[in-house]
Amino acid sequence: MNRWIAALAGLTLSSTAWSETTIRYDWLTQGETSGELIVTQHDDGARSAHFEFNDRGRGPSIDSRFEMTEGGLVRAFESTGNAYMGAPVAESFSYGDGAASWTSTLEEGRDEGSLDAFYLANDSTPEYMAAMARALLTAPDRSLPMWPAGTATIEKLAEEVVEHEGASRTASLYAVSGLGFDPQYLWLDEDNELFALAFGWMGLVPEGWADVLPVLEERQRAAERAFLADRAERLTHEVTGALCLENFRVLDVDAGVLRDGTTVRVQDGLIQAVGASNAIDCSEAQRIDGEGRTLMPGLWDMHVHIGASDGALHLAAGVTSVRDLANTHDTLMQTIEQFEQGTAIGPRVHRAGFIDKVGPFAAPTGNLAETLDEALTFIKEIHEQGYPHIKIYSSIDPDWVAPMAEAIHEKGMRLSGHIPSGMTAEAAVRAGFDEIQHINMVFLNFLAGPDDDTRTPVRFTLVAEEGGALDLESDEVQDFIDLLARKGTVVDPTVTIFDSMFRHRSGEIDPSYAMVADHFPPNVRRSMLGGQLDVNDENAATYAASARALLEMIRRLHEAGVPLVAGTDALVGFTLHRELELYAEVGIPNADVLRVATIDAAEVVGELGRIGRIAPGYVADLVALDGNPLADIRAVRATAMTLKGDRLYQPAAIHRALGIEPFTVPVDAPDPIR
């Protein structure tokens, strides 16, 4: 979602004579209005737009104005306000005297030459994205270079006639490629004006037209499914018969050692045998020579909100299993079906149901209860849908937690979540929490007072401002850690998102991705210049100390025997690698880190005897690495091959398909598999 908001950039129409008109749009969350877009066409041909929405106390508020040439290329642009997490927006672009120049809180640049490219703004409005689409539609080959970098193209995918209160409109679906890893979609009307955006539980439509969004969303999903199916067909290699993976150093995750010169025989997606190469019969099997690479079990990301387009990045990163922690049931089941049928590339998905309480800061997806009885009914329904786990959210009434926990446990399910506002983490654990999502929730146990509404961004800013001053040696902190260890309460830190939030200064590449950003498409790399919080000279040292304290707490949790799982809740694949790197950076041994991301995760979801080890009878979810992750945890980024059961993937090929410069040379597989 945040990547979409960051990419809503572009240009506007030709400067023929206008009379000033205003077009209003509704921003919708779960079908309810939560924001607005107001577009004004001025009598001089320029356009201005105001865009804002509220997402649990977060959301952009941006005003922009832009002028165009008759060909739709931007001549002048300015944008002010705040970005999704509150960082300031102040951006401008102009073309004159044979040169384009731009400046913002993130960057500045200049390019001499003709006005023949389209300025891609860091922060703008959906109207700017529509303007880019219009410019692309009139460009030769429907393609334009971008300022500062990159090239965008557009393709029409579908057309849909929609009706509302007797009025009829024809909307066309377009895919814009070149701005990110995947195409970005938007709907234009008969006059090529913006008509709709569909993002799952969020979207945009003309004021009052909310009832047409589900129709457009389903048509868009069909187009996305066709795109992903084509990609899966090109990049998935079905393994038939027996396969021998020879000459690998196999990671024994239990012992924390590599076993040299090992062969793994796989058939029908299961590991048949593991041993010295001369002890495994490979006479009638296809063979892959590992050439001494490391072979380890597939990684787990235990905190995702998965969509079908995410799957390819997971597999390219060696992530073969994930846990989804909040989604709409129908969308999640469709995504799982695509992965299982091979019509989209993706990992194995373990499901968690989701419940929050109705309110101004309620979650934008899942089941929203008005009463405890309704919450208990949702628990029953989620259990009947086959979910083994329920996550609850920040707006849940603290008085509901104990009865909800009792009902969840009676049905053999697990309970995890955010700590509800007004409740301490200690009280939540004693009331029945099996797991805590996000390391900031652990800190709020000590920092949040009765007047701190942690449904809002206070749950971030309070920890950023005060976390570094928390005495981790105190009896209060140690008693809480002892409670977690004694009860076996799992902690899902997702610390990378906080490390990034607290240390990323706008104008610099996000430190969580600085080591990989140069491999990304130009505009993806550029999007990583924008910070979330307003980190500045006055607060940078305080925030950095808090980021360090989060890591120190994780180390102490691990040393005390508190179970950890590695999750991300952020950019797919690359964030998990960084999460593991941060655990190692703070002093958790690499062997322990790798166990957290493999067999420990499998144990939490009840799959310990089936997935997570390289042993006979286990699912053949395997990753080949160029490097030794026991010696250097950064080797997990060097994925040279991923095997998920009987489907083999070359991460380098996936990365190229997504516009990413590969990180490794592929494993040399035989022709039937290549």
Side-chain angles (χ1 to χ4, degrees), residues 297-307 310-311 314 319-340 346-356 363 365-367 369 375-393 396 400-418 428-429 431-438 484 487-492 494 562-569 596-613 618-619 621 644-645:
L299 297 168
W300 291 64
D301 188 334
M302 292 288 278
H303 194 134
V304 305
H305 306 285
I306 199 162
D310 296 332
H314 279 300
V319 177
T320 54
S321 294
V322 302
R323 182 179 60 175
D324 186 278
L325 286 179
N327 224 313
T328 58
H329 175 70
D330 290 344
T331 299
L332 180 58
M333 297 308 294
Q334 289 174 9
T335 298
I336 292 172
E337 181 181 30
Q338 288 173 265
F339 293 162
E340 290 179 346
R348 304 181 196 277
V349 180
H350 297 265
R351 299 179 293 150
F354 184 81
I355 303 174
D356 198 11
T365 186
N367 301 289
L376 296 175
T377 298
F378 284 142
I379 291 170
K380 180 176 180 294
E381 292 173 353
I382 291 168
H383 178 255
E384 291 172 350
Q385 290 171 330
Y387 288 79
H389 176 179
I390 291 178
K391 174 187 172 185
I392 65 176
Y393 207 59
I396 288 289
W400 294 8
V401 174
M404 289 179 69
E406 182 179 3
I408 288 168
H409 292 152
E410 282 179 352
K411 296 184 182 301
M413 295 189 291
R414 291 172 48 79
L415 168 62
S416 75
H418 288 202
V429 170
F433 262 54
D434 299 301
E435 180 175 336
I436 297 171
Q437 258 78 58
H438 306 303
L484 297 177
K487 287 187 169 289
T489 306
V490 176
V491 174
D492 166 24
T494 66
V562 176
L564 301 176
V565 292
T568 59
D569 201 13
V596 166
T598 54
I599 54 175
D600 289 356
E603 183 174 15
V604 167
V605 301
E607 293 276 19
L608 185 57
R610 197 175 79 90
I611 304 176
R613 291 186 175 95
Y618 275 69
V619 172
D621 287 359
K644 192 192 82 170

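None of these values were measured; they are calculated from a predicted model.
- His389 and Ser416 share a donor-acceptor pair across their side chains, judged by distance under 3.5 Å alone.
- Considering only residues two or more places apart in sequence or on other chains, Tyr387 meets the ring-ring contact (aromatic ring centres under 6.0 Å, His included) condition with His329.
- Taking both residues in full, the closest heavy atoms of Gly417 and Gln437 are given as N-OE1, 2.9 Å, listed atom of the first, atom of the second, then distance.
- In this structure, the separation between CG on Leu376 and CD on Glu381 is 11.5 Å, given to the nearest 0.5 Å.
- The shortest non-hydrogen separation linking Pro347 to Gly311 is CD-CA, 4.0 Å.
- Residues Leu415 and Gly432 come closest through the heavy atom pair CD2-O, 3.9 Å.
- Annotation: Lys411, atom NZ; neighbour count of heavy atoms from other residues, nucleotides and ligands within 6.0 Å is above 12.
- Put simply, the side chain of Asp310 does not reach to within 4.5 Å of the side chain of His305, judged on heavy atoms.
- Between the side chains of Thr568 and His303, no donor N or O sits under 3.5 Å from an acceptor N or O.
- For the pair Asp356 (side chain) and Ala363 (backbone), a donor-acceptor distance under 3.5 Å is present.
- No option in Val304, Thr320, Val349 other than Val304 meets the side chain to side chain contact (heavy atoms under 4.5 Å, CB included) test with His314.
- Qualifying ring-ring contact (aromatic ring centres under 6.0 Å, His included) partners for Tyr393, counting only residues two or more places apart in sequence or in other chains: Phe354, His418.
- Atom OG1 of Thr494 and atom NE2 of His438 lie 4.5 Å apart (nearest 0.5 Å).
- Judged by distance alone, the side chain of Asp330 and the main-chain N or O of Leu332 form no donor-acceptor pair under 3.5 Å.
- Contact of the Val562 side chain with the Thr489 side chain is not registered, since no non-hydrogen atoms from C-beta on lie closer than 4.5 Å.
- Between Arg323 and Asp301 there is no salt bridge, since none of the side-chain N atoms of the basic residue sits less than 4.0 Å from a carboxylate O of the acidic one.
- Put simply, the side chain of Ile382 does not reach to within 4.5 Å of the side chain of Ile408, judged on heavy atoms.
- At a threshold of 4.5 Å between non-hydrogen side-chain atoms, the residues Trp400 and Ile392 do not count as touching.
- Remark: the backbone N or O of Val319 is not paired with any side-chain donor or acceptor of Lys644 at under 3.5 angstrom.
- Between Val322 and Met302 there is no side-chain heavy-atom pair separated by less than 4.5 Å.
- Taking every heavy atom of both residues into account, Ile306 and Asp324 meet most closely at N-OD2, 2.8 Å.
- With a 4.5 Å cut-off on side-chain heavy atoms, Ile379 and Met413 count as touching.
- Here the closest non-hydrogen pair linking Ala375 and Ile355 is O-CD1, 3.9 Å.
- The structure places CD of Gln334 at 12.0 Å from CZ of Phe339, a figure rounded to the nearest 0.5 Å.
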Going through the distances and angles, do Ile390 and Phe378 end up as a side-chain contact (heavy atoms from CB on, under 4.5 Å)? CA-CA 10 Å; Ile390 291 178; Phe378 284 142; over 6 Å; no

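- Taking 4.5 Å as the limit, some side-chain heavy atom of Ile436 sits within range of a side-chain heavy atom of Leu484.
- Take Glu607 and apply the salt bridge (charged side-chain N to carboxylate O under 4.0 Å, His left out) test, not counting sequence neighbours, and it matches Arg610.
- Proximity of Arg351 to Met333: side-chain heavy atoms (C-beta onward) are separated by under 4.5 Å at one or more points.
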Take Val604 and Trp300 through the test side-chain contact (heavy atoms from CB on, under 4.5 Å) and record every step on the way to the result. CA-CA 11 Å; Val604 167; Trp300 291 64; over 6 Å; no

